[in-house]
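In what follows, a single structure is set out as structure tokens and then discussed.
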Amino acid sequence: MNECVEAKKAKKSKSLTGDDDRTPCKMQTSDIVKSDSDGNHVQQSTGVAAETSHKKEKSVLQAKLTKLAIQIGYAGSTIAVLTVIILVIQFCIKTFVIEEKPWKNTYANNLVKHLIIGVTVLVVAVPEGLPLAVTLSLAYSVKKMMKDNNLVRHLDACETMGNATAICSDKTGTLTTNRMTVVQSYICEKLCKVLPTLNDIPSHVGTLIAQGISVNSAYTSNILPGQNPGDLPTQVGNKTECALLGFVQGLGVKYQTIRDEITEDKFTRVYTFNSVRKSMGTVIPRPNGGFRLYSKGASEIILKKCAFIYGHDGVLEKFTRDMQERLIREVIEPMACDGLRTICIAYRDFVPSKAAVNEVHIENDPNFDDEENIISNLTCLCVVGIEDPVRPEVPDAIRKCQRAGITVRMVTGDNINTARSIASKCGILKPNEDFLILEGKEFNRRIRDSNGDIQQHLIDKVWPKLRVLARSSPTDKYNLVKGIIDSTVSENREVVAVTGDGTNDGPALKKADVGFAMGIAGTDVAKEASDIILTDDNFSSIVKAVLWGRNVYDSIAKFLQFQLTVNVVAVIVAFIGACAVQDSPLKAVQMLWVNLIMDTLASLALATELPTPDLLLRKPYGRTKPLISRTMMKNILGQAFYQLIIIFGLLFIGDWLLDIESGRGQELGAGPTEHFTIIFNTFVMMTLFNEINARKIHGQRNVVEGLFTNPIFYTIWIFTMISQVIIIQYGKMAFSTKALSIDQWLWCIFFGIGTLVWGQVVTSVPTRKLPKILS
């Protein structure tokens, strides 16, 4: 009775019949399948939870941003301190040495003013808006990715995906539609490429096939009629089992009627599917006493355990080794080469009375714990070929990945011929390309030494050319992912993405730089170990994740290009202003307004740029490539040069050119001047127009392309412009500004628009001729 209860509990869980990359193997969560040196799978209590608990290192972007922020912080702090020291020394020399004045308490105001300028330089120099820009960009991308069927669990996974160089993908449901149907069958030595009916095969064989499939499948697997007339039937539960149940219906038999007669509480024993067995077995009582075992699973596995087969007209025959080889050669391999998954259905009877040649005579109940002896000497009923068509959008998605510098590998539990066929249809395998297709057993043989230990240098000889890993266990997938990540083959460590849906895929998902779990077919363990969940189980959604990931990286780079230009200009103006005129042309409150423009508002504007298809036309950045590229450095220094020339020109001869009173040499407490207001306004205008330039970081000339596709950007730009007008015209003492005339405004706007024209000049400078120190 206990065995029946255990069997019933086991039966309620999902089962699988041929591909261990679809659902978890049915073992305890604390068990994981390991491979020995011969590639044989042995079960050890290693603990999936333990192997998925390790923390990942910082993402590529985080590491680069941390390094850059530290460098900028040191530089900003140094210049701020130097600015204060120079201002204080100049004041002291002028007041106490040259003018020989005694100390007055009012002089403390001058020292505080100098300290405020230094603090302001530090505030402007340090990119405190950088974390905000990163968070905004990631949050915005994550929200948009939901519409592309990517549920992001960890924010940094989004940008990491932009640097992916390798994807190890499942086959079933990810590259294929996961809507399976039986399209070929081999019954009684007759190969049918159309579905037979019960009249086409001997009745006793047909009855056994129908009962064997109906009973030896999870009762949660069902085929339901479509909701609307003309709709295809809905497959509920395991898709492979649904295909077999559809085959039973095609024979003209109602599988539910059989299930109603043989309910789960009548099961004697259930051998659930896992990646070790690659098969499933169910033991039920026979009507006349004894037991019947039904088994189904990977055809080459089940056929090795068969000793009998039904030949022509349903005559029972001995299943010799020659017959097995012929069946594999003439039936199974051609099916597999057509991309079909082959499943074998078999049975065995245990009877208390006189036994037939393919039956086992028993006096007492068999020892069902002795699985090896129980599931042996089977009688083969049929072999079916199940088609799982490639998703129509997958070949194009894989081409995009390959064009983007990403290598796609298929890791599947299917037959090697089936895997090769599907990989060719998807475009993973290209004609005239030097690649490897391995089974799990051969893969293990190649990566282990004579002691059975995995060696990195042996893996490095395999993975660069490996494109398909067939008949693999979840541990093979983990070893492959770990081997690629830890590789010493390339200078830049590979960034690996992995898809998985089973419990035992957890370690590989966790080890990968980005783990994708299947939202439909995935288990809770796989989803917990993943970084992103594909809500549609579709490979093309991974390509969209790559697109958004690269967009995040570029958005941060755009913001940096814009902010560092402002940083360089503001800091140099404050520093040289302190040295030349004992004051900063940009007042503290004005620099804080500029800081607000370049930090909060600019981060929101530039971090919400939509991705463009050309993001997939370049190679991944990699782990060691600088965050600030040569092109970006050229733009930063080029724009800074233009802005500094304009600002210092206005500072030293602007009063003469514009015929206004000079603002240089003003005493402490003196009111705002037109001279310094024009300098401040010109600087903001140049910053605003340079924000348009900053939208392009790869040397594109058309900087306004796609400008009006981002309403957030142009809304913030217009808001900033209006705010600047209000500050200039009505800011007065609060912002140290004086209202400007129309002519003066036009001059400021003219210099601002000049950044767009100058940007075209900077773009024309060949990047490759820049000094290497800029890279």
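- Scanning both residues, Val514 and Ala157, for their nearest heavy atoms gives CG2-O, 3.8 Å.
- Look at Asp396 and Lys400 and you find a salt bridge, because one of the NZ, NE, NH1 or NH2 atoms lies within 4.0 Å of a carboxylate O, short of that distance.
- Under a 3.5 Å cut-off, the side chain of Gln402 and the backbone N or O of Gly427 do form a donor-acceptor pair.
- Looking at heavy atoms from C-beta onward, Ser295 lies in side-chain contact with Ile302 at the 4.5 angstrom threshold.
- Put simply, CG on Leu469 and CH2 on Trp463 are 15.0 Å apart, with the number rounded to the nearest 0.5 Å.
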| task | Go through the steps for Ile223 and Thr234 under the test side chain to side chain contact (heavy atoms under 4.5 Å, CB included), then give the verdict. | result | CA-CA 6 Å; Ile223 300 177; Thr234 302; over 6 Å; no
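- The 12-atom threshold is exceeded at CG of Asp486, counting heavy atoms of other residues, nucleotides or ligands nearer than 6.0 Å.
- Scanning both residues, Gly699 and Thr631, for their nearest heavy atoms gives N-CG2, 3.6 Å.
- The two atoms that bring Asp460 and Gly483 nearest to each other are OD1-O, 4.1 Å, heavy atoms only.
- In this structure, Leu244 and Lys296 have side chains that are in contact, with non-hydrogen atoms separated by less than 4.5 Å.
- Among residues at least two apart or in separate chains, there is no salt bridge (Lys or Arg N to Asp or Glu O under 4.0 Å) pair with a member in residues 415-431.
- Classification of Arg179 and Asp388 as a salt-bridged pair fails, no side-chain N sitting under 4.0 Å from a carboxylate O.
- Counted by atom type alone, Gln455 and Asp449 present one or more donor-acceptor pairs between their side chains at under 3.5 Å.
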Could you go through Ser555 and Glu609, starting from their C-alpha distance and side-chain angles, then the distance that decides it, and tell me whether this counts as side-chain hydrogen bond (donor to acceptor under 3.5 Å, both in side chains)? CA-CA 7 Å; Ser555 294; Glu609 289 279 305; over 6 Å; no
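- At least one side-chain heavy atom of Tyr140 sits under 4.5 Å from a side-chain heavy atom of Leu610.
- With hydrogens and angles ignored, the 3.5 Å screen pairs a side-chain donor or acceptor of Thr523 with a backbone N or O of Ala526.
- Using a 4.5 Å cut-off on side-chain heavy atoms (C-beta onward), Arg618 and Arg550 make contact.
- Surrounding NZ of Lys305 are more than 12 heavy atoms belonging to other residues, nucleotides or ligands, all under 6.0 Å away.
- Atom-to-atom distance recorded for Cys426:SG and Met410:CE is 5.0 Å, nearest 0.5 angstrom.
- Between atom SG of residue Cys306 and atom CG of residue Leu381 there is a gap of 8.5 Å, rounded to the nearest 0.5 Å.
- The pair Lys477-Asp170 meets the salt-bridge criterion, since a charged nitrogen lies less than 4.0 angstrom from a carboxylate oxygen.
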Discussion item. Using the rule given for side chain to side chain contact (heavy atoms under 4.5 Å, CB included), can you reason through Val383 versus Ile332, listing the C-alpha separation, both sets of side-chain angles and the distance that settles it, and then say yes or no?
Written reply: CA-CA 8 Å; Val383 175; Ile332 293 175; 4.2 Å; yes
* To do: Kindly indicate, with the supporting measurements, whether the criterion side chain to side chain contact (heavy atoms under 4.5 Å, CB included) is fulfilled by Lys278 and Arg471.
  => CA-CA 10 Å; Lys278 294 193 183 296; Arg471 281 290 177 237; 4.0 Å; yes
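- Considering every non-hydrogen atom in both Glu433 and Arg467, the closest pair reads OE1-NE, 4.3 Å.
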(message) Let's go through Glu300 and Asn415 carefully: what are the C-alpha distance in whole Å and the side-chain angles of both, what is the deciding distance for side chain to side chain contact (heavy atoms under 4.5 Å, CB included) to 0.1 Å, and is it a yes or a no?
(response) CA-CA 9 Å; Glu300 60 265 42; Asn415 176 290; 3.4 Å; yes
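- The pair Arg446-Glu442 counts as a salt bridge, with a side-chain nitrogen and a carboxylate oxygen less than 4.0 angstrom apart.
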Could you go through Asp148 and Trp548, starting from their C-alpha distance and side-chain angles, then the distance that decides it, and tell me whether this counts as side-chain hydrogen bond (donor to acceptor under 3.5 Å, both in side chains)? CA-CA 10 Å; Asp148 289 334; Trp548 279 105; 2.9 Å; yes
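- When side chains are defined from C-beta on, Thr407 does not count as touching Ile167, because their heavy atoms never get closer than 4.5 Å.
- Residues Ile484 and Ile459 have side chains not in contact (no heavy-atom distance under 4.5 Å, counting atoms from C-beta outward).
- The backbone N or O of Gly385 sits nowhere less than 3.5 Å from a side-chain atom of Thr342 that would complete a donor-acceptor pair.
- Between Val495 and Asn163, the shortest heavy-atom distance links the atoms CB-O, 3.3 Å.
- Not a single donor-acceptor pair under 3.5 Å links the side chain of Ser279 to the backbone N or O of Gly297.
- Thr174 OG1 to Phe516 CZ: the interatomic distance, rounded to the nearest 0.5 Å, is 11.0 Å.
- Panel note: side chain Asn238, backbone Glu241; a donor-acceptor pair is recorded below 3.5 Å.
- The closest donor-acceptor contact from the side chain of Asn538 to the backbone of Asp536 lies at 3.5 Å or more, if one exists at all.
- A donor-acceptor contact shorter than 3.5 Å is absent between the side chain of Arg391 and the backbone of Phe539.
- Qualifying ring-ring contact (aromatic ring centres under 6.0 Å, His included) partners for Tyr621, counting only residues two or more places apart in sequence or in other chains: Tyr553.
- Distance CG/Asn417 to CD1/Ile328: 11.0 Å, rounded to 0.5 Å.
- Looking at Arg448, its side chain never comes within 3.5 Å of a backbone N or O of Asp453 through a donor-acceptor pair.
- Between the side chain of Lys527 and the backbone N or O of Gly519 there is at least one donor-acceptor pair closer than 3.5 Å.
- Contact of the Met280 side chain with the Asn216 side chain is registered, since non-hydrogen atoms from C-beta on lie closer than 4.5 Å.
- Scored by the side chain to side chain donor-acceptor pair (under 3.5 Å) test, Gln235 finds no partners at all (sequence neighbours excluded).
- Of the charged side-chain nitrogens involved, at least one lies within less than 4.0 Å of a carboxylate oxygen, so that Arg341 and Asp414 count as a salt-bridged pair.
- Using a 4.5 Å heavy-atom cutoff, the side chains of Leu175 and Ser169 are in contact.
- Taking 4.0 Å as the cut-off between side-chain N and carboxylate O, Lys696 and Asp554 do not count as a salt-bridged pair.
- Atoms CG and CG, from Leu436 and Leu429 in turn, are 10.5 Å apart once rounded to the nearest 0.5 Å.
- Here the side chain of Asp537 pairs a donor or acceptor atom with the backbone of Ala521 at under 3.5 angstrom.
- Counting all heavy atoms, side chain and backbone alike, Gly173 lies closest to Asn178 at CA-CB, 3.5 Å.
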